[in-house]
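First comes the structure, then the notes that go with it.
Proteins come first, then strands; the chains are lettered A, B, ... in the order of their sequence lines, and each starts at number 1.
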Number of protein chains: 2
Amino acid sequence: MPGTEIEGRYSYQYPHPAVTVDCAIFGLDEDKLKLLLIQRDLEPFAGSWALPGGFVRMDEDLEAAARRELEEETGVRKVFIEQVGAFGKPSRDPRERVITVAWWAIVNLYEHPVKADTDARNAAWFPVDELPPLAFDHRDILDTALGSLRGKVRREPLAFEFLPRKFTLTQLQRFYETVLGETLDKRNFRKKALSYGILSELKEYEIGVAHRAARLYSFDKPSWNRLRKAGGSFSV
Amino acid sequence: MPGTEIEGRYSYQYPHPAVTVDCAIFGLDEDKLKLLLIQRDLEPFAGSWALPGGFVRMDEDLEAAARRELEEETGVRKVFIEQVGAFGKPSRDPRERVITVAWWAIVNLYEHPVKADTDARNAAWFPVDELPPLAFDHRDILDTALGSLRGKVRREPLAFEFLPRKFTLTQLQRFYETVLGETLDKRNFRKKALSYGILSELKEYEIGVAHRAARLYSFDKPSWNRLRKAGGSFSV
DNA sequence: ATGCATTCGTGTAGTATATACACTATTATA
DNA sequence: TATAATAGTGTATATACTACACGAATGCAT
């Protein structure tokens with residue numbers, strides 16, 4: 001049954017590989033970009049940390065499979081998710097041929113705090129620049145995912161998927177500095193960030209800080225949609 | 001055997017989907033961006049045009065599978081190829097579950113003319129803006145591939161994968177105008193293209209034209225490597 | 001041989017965008 | 001009330017982008 005005459009010209013019988021999805025789940029925590037990892041309890045790589053993932057079901061879309069894994073792991077439903085690509089070196093799993101379709105996702109830890117290490121399974125958030133060795137080819141996958149995340153952050157207002165609904169311009173700046181790994185000039189940053197007209201200045205200020213309180217802003221999605229339709233982008 | 005306890009926490013037995021590779025093969029011909037398509041002779045979609053593709057073998061890397069298909073179809077070995085991503089809607093093939101990993105590739109039709117329609121199988125080059133209806137979800141795949149190609153062309157000197165080894169600046173400009181779908185100012189284009197220092201001015205001119213002959217240039221790869229290492233990009 | 005049609009090749013001025021840079025204002029706390 | 005910490009603001013310079021027109025070279029038709 002498997003493989004027979006699929007795609008027309010090829011009629012020899014191929015055995016089928018297993019197909020999984022793996023997710024690089026990013027979040028912003030204490031001004032650091034963090035990644036959710038799971039500690040494996042079975043061989044191979046028992047004890048190693050790995051990207052959460054699992055099998056694609058036979059009647060399930062790839063994105064649906066990724067979202068299902070994501071929700072099982074974090075409890076969060078509507079998140080930003082994007083495909084990284086397929087990884088399929090024949091030797092990537094020592095047991096049998098497994099092709100994985102990798103995704104990256106953003107969970108907003110301010111709106112949906114995900115307490116990773118409290119449940120039975122051993123899961124934890126790691127700063128992306130202090131990761132333990134990863135199982136399988138997950139380091140490759142992560143590096144690709146990080147590249148894809150950074151590229152997207154440069155061109156689209158993804159920052160607001162990470163930040164609280166009300167944020168200060170300094171928080172916004174810190175985010176870009178953290179994710180892009182470069183320092184930015186305060187005045188130029190504010191000038192540019194505001195110039196797109198997609199930030200609403202609120203009449204509120206941060207509270208509980210031991211210095212002058214900063215004004216809060218929120219992301220104005222309608223303005224961004226208008227700007228995008230007009231061919232605009234958003235890069236700081 | 002399939003699916004058992006793979007990835008640790010999941011131990012139920014999954015049937016495995018078939019996995020294929022499909023290739024969007026681009027080339028430049030008569031100042032037009034063209035795509036190589038194959039006419040299917042079997043159901044489903046018999047008679048329709050489709051992206052060339054086929055099964056991934058059990059011991060074969062995904063990229064190797066794509067390159068094998070590519071060579072079977074065009075006879076060309078060393079081409080630029082990049083993954084588009086995985087496509088896996090459960091209904092995309094009416095016979096059984098097939099997940100495809102799509103790739104796009106560039107063949108240089110000046111250096112390796114691929115006479116598509118001469119062999120037994122019915123294959124042909126189509127201008128990307130005059131494509132026939134495509135089989136399966138190949139239209140989706142192609143649109144994604146085109147987006148990926150255009151993005152890459154904006155940032156990296158991919159133009160030279162399409163053009164003859166010796167080319168005129170007008171040819172180069174036409175390429176960008178064709179692929180990016182916008183007209184460019186001649187003087188500004190030349191100024192900018194030359195400013196990166198990755199084009200070598202040759203002492204040769206085009207021949208056989210019924211007007212003033214244009215100077216020929218070639219792409220200086222070492223210069224590009226130096227520029228790239230220094231963090232530079234290439235965008236016209 | 002001459003004129004025609006066609007493409008090649010070139011520079012400048014104006015505008016917009018990006019960069020560099022330092023001090024006063026506000027608030028909590030000691 | 002002094003201190004420590006961060007917020008908030010403007011200008012001058014350099015760089016990059018845009019718009020724009022005409023003489024030079026060549027094959028071809030007459």
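The ring pair (Phe, Tyr, Trp, His ring centres under 6.0 Å) with Phe160(B) is formed by just one residue from the set Tyr176(B), Phe175(B), Phe219(B); it is Phe219(B).
When the P atom of dA20(C) is taken as reference, atom CG of Leu184(A) falls 11 Å away, rounded to whole Å. A straight line from CD of Glu206(B) to P of dT6(C) spans 16 Å, rounded to a whole angstrom. Spacing between atom CG of Leu216(B) and atom C1' of dC8(C) amounts to 13 Å, rounded to whole angstrom units. When the P atom of dA21(D) is taken as reference, atom CG of Asn188(B) falls 13 Å away, rounded to whole Å. Rounded to an integer number of Å, the gap from Lys192(B) NZ to dC17(D) C1' is 8 Å. Between the CZ atom of Arg215(A) and the C1' atom of dA25(C) there is a distance of 14 Å, rounded to whole Å. Between Arg212(A) atom CZ and dA25(C) atom C1' the separation is 5 Å, expressed in whole Å. If you take CD of Gln173(B) and C1' of dT10(C), they are 14 Å apart, rounded to a whole angstrom.
Residue-to-nucleotide contacts include a donor-acceptor pair under 3.5 Å from the side chain of Arg187(A) to the base of dA22(C). Taking only distance into account, the side chain of Lys191(B) meets the base of dT12(C) through a donor-acceptor pair shorter than 3.5 Å. Contact of Lys186(A) with dT9(D) (side chain to base): no donor-acceptor pair of N or O atoms is detected under 3.5 Å.
Under the 3.5 Å distance criterion, the side-chain polar atoms of Gln39(A) are matched with a main-chain donor or acceptor of Gly47(A). A donor-acceptor pair under 3.5 Å is absent between the side-chain atoms of His138(B) and the main chain of Ala50(B), judged by distance alone.
The existence of a salt bridge linking Arg92(A) and Asp137(A) is confirmed by a sub-4.0 Å separation between a basic side-chain nitrogen and an acidic carboxylate oxygen.
Within the 4.0 Å cut-off from OP1 or OP2 of dA7(D), at least one side-chain nitrogen or oxygen of Thr170(A) is found.
Under a cut-off of 6.0 angstrom, the local environment of CZ in Arg174(B) is sparse, with at most 12 non-hydrogen atoms contributed by other residues, nucleotides or ligands.
Candidate nucleotides dG8(D), dC17(D), dG27(D) were compared by shortest atom distance to the side chain of Arg190(A), and dG8(D) ranks first.
Ranked by how close their nearest DNA chain D nucleotide is to the 5' end, Tyr205(A) and Ala210(A) are led by Ala210(A). With DNA chain C read from its 5' end, the first of the two nearest nucleotides for Asp185(B) and Ala214(B) is the one closest to Ala214(B).
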